[in-house]
Amino acid sequence: MKNKKIHKIAVLTSGGDAPGMNAAIRAVVRNAAYQNIDCVGVYRGYQGLVEKDFIELDPRSVKNIINRGGTFLKSARSKDFRTKEGQEKAFQNLKDQGIDALVVIGGDGTFTGASVFSKAFDIPVIGIPATIDNDIKGTDFTIGYDTALNTVIEAIDKIRDTASSHDRLFMIEVMGRDAGDIALNSGIGAGAEEILIPEEDRGIEHLLESLHKSRKSGKTSSIVVVAEGDQIGQNINQLSEDIQENLPEYEVKVTVLGHIQRGGSPSCYDRVLASRLGVSAVDALMEGESNVMVGTRQKKIVYVNFDKTIGGKKKLDKELIRVADIVST
Ligand code: F6P
């Protein structure tokens, strides 16, 4: 499997962090060692490439991190790397260190930077999808998503206790700027009465009608899960005022879960996914691949060209919407 052109690789994490990034770095470093190639970590994503903020990594330097949330390499959104000068500096820094290839761990923005850089400087780059949003086309799951879901349902379960004690309606905002995966799945998992997602705008009338109906059916408290990117839910405080006006029998409260969703020890699922994708990224480089994301489709490892994933939208799972509608009645 040995690719004779690759002797040393660099790995970085970029964009919003996600639980399991450390497990992915660990797998990259250990497969690199397994294949007798050197590995360098880059601090603070692409900014560290521009500033030559590197650290040599060997299998022992990634011990005891599989269970840790966040990313020990740190993450950043680099303005410098968007410029031609910044990219030239980054390439020169890689060359100075004898680095032949790059593994980037992150989301859509991370892959966009990787693709531009790889094409401009003819350097092999492999992407590993890691974002709690699960909004990357071409892979069924992204690293961090499962952990975030578990964090969210734990929080909603707690809110349900107090909502039920006080006969209140809670609007709970979860992350997902462009995607409703967290809202839809956590909403079903936590038994929410309503779920608002950016992929399907049913309008406020539908929401009010549905809440009225469930109140009439005997429900005395309600949970509405709102993805932050949803059209009518974007201003959750305004929406809660509108609901309060229309449903005076409820006391409406708002909880924004925020960045708590990005932290915490990764779930077993995310640790295994991160380990598989980290190993696959180095395998892909050894097989001579470049400009691809490693992902999973129906449990199998797949390589997806950056051009086929960047900017792409995943299809909404209509079956899940139907399930949510039925089980929330
Ligand atoms: O990690 C993805 C995401 O959580 C989005 O859902 C959210 O809008 C965004 O990151 C916020 O990230 P930050 O606060 O780091 O800009």
Side-chain angles (χ1 to χ4, degrees), residues 12-25 43-48 68-79 81-82 104-114 127-156 171-187 195-200 225-237 239 254-267 269-270 273-274 277 293 295 309-314 316:
L12 60 82
T13 48
S14 165
D17 63 349
M21 278 183 159
N22 281 322
I25 300 166
Y43 283 115
R44 295 175 294 116
Y46 293 120
Q47 193 58 32
R68 278 170 49 197
T71 159
F72 87 95
L73 286 177
K74 298 184 184 284
S75 190
R77 296 184 170 101
S78 169
K79 279 200 186 119
F81 191 71
R82 294 209 183 123
V104 299
I105 306 171
D108 197 70
T110 303
F111 297 165
T112 305
I128 298 179
T131 159
I132 64 161
D133 289 346
N134 201 36
D135 60 349
I136 307 284
K137 195 181 167 196
T139 185
D140 288 341
F141 295 106
T142 57
I143 295 166
Y145 170 59
D146 183 68
T147 306
L149 281 181
N150 286 304
T151 301
V152 171
I153 63 163
E154 196 188 328
I156 299 180
M171 313 277 300
I172 303 171
E173 185 188 282
V174 298
M175 277 187 168
R177 202 168 17 201
D178 307 306
D181 288 47
I182 294 180
L184 184 54
N185 284 275
S186 68
I195 302 167
L196 306 185
I197 56 173
E199 293 88 344
E200 188 161 88
V225 176
V226 184
E228 62 179 335
D230 179 73
Q231 286 87 337
I232 61 165
Q234 252 164 24
N235 187 341
I236 195 161
N237 291 313
L239 180 61
V254 172
T255 300
V256 176
L257 293 185
H259 287 77
I260 193 171
Q261 295 162 91
R262 289 243 294 255
S265 178
S267 65
Y269 184 90
D270 275 330
L273 179 66
L277 296 181
M293 166 188 83
T309 170
I310 293 168
K313 284 245 175 283
K314 267 185 164 171
L316 178 69

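The first residue of the sequence shown is numbered 1, and numbering continues consecutively from there. When a ligand or atom number is given, it counts from 1 through the structure's own listing order.
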(request) On the 0 to 90° scale, with breaks at 30° and 60°, tag the Phe141-Tyr269 ring pair as parallel, tilted or perpendicular. (result) perpendicular
(request) List the closest protein heavy-atom neighbour of atom 2 (C) of ligand 1: residue, atom name, distance to the nearest 0.1 Å. (result) Asp133 OD2, 3.2 Å
(message) Among residues at least two apart in sequence or on other chains, which ones pass side-chain hydrogen bond (donor to acceptor under 3.5 Å, both in side chains) with Arg44?
(response) Glu51, Asp53
(message) So if I apply the side chain to side chain contact (heavy atoms under 4.5 Å, CB included) rule between Thr110 and each of Ser14, Ser75, Pro129, which one comes out positive?
(response) Ser14
(message) Between Asp270 and Thr147, do the side chains contain a donor N or O and an acceptor N or O under 3.5 Å apart?
(response) yes
(request) State if His259 counts as touching ligand 1 under the rule of any non-hydrogen atom under 4.0 Å. (result) yes
(message) Under a 4.0 angstrom heavy-atom cut-off, which atoms of ligand 1 come close to Arg77?
(response) 12 (O), 13 (P), 15 (O), 16 (O)
(request) For Gly176, counting its heavy atoms only, list the atoms of ligand 1 lying under 4.0 Å from any of them. (result) 6 (O)
(message) Any nitrogen or oxygen of Arg262 lying under 3.5 Å from a nitrogen or oxygen in ligand 1? Just yes or no.
(response) yes
(request) With sequence neighbours excluded, tell me which residues meet side-chain contact (heavy atoms from CB on, under 4.5 Å) with Glu228. (result) Glu173, Met175, Arg177
(request) Look at atom 4 (O) of ligand 1 and find which of Arg177, Gln261, Glu228, Met175 reaches it with the closest heavy atom. (result) Met175
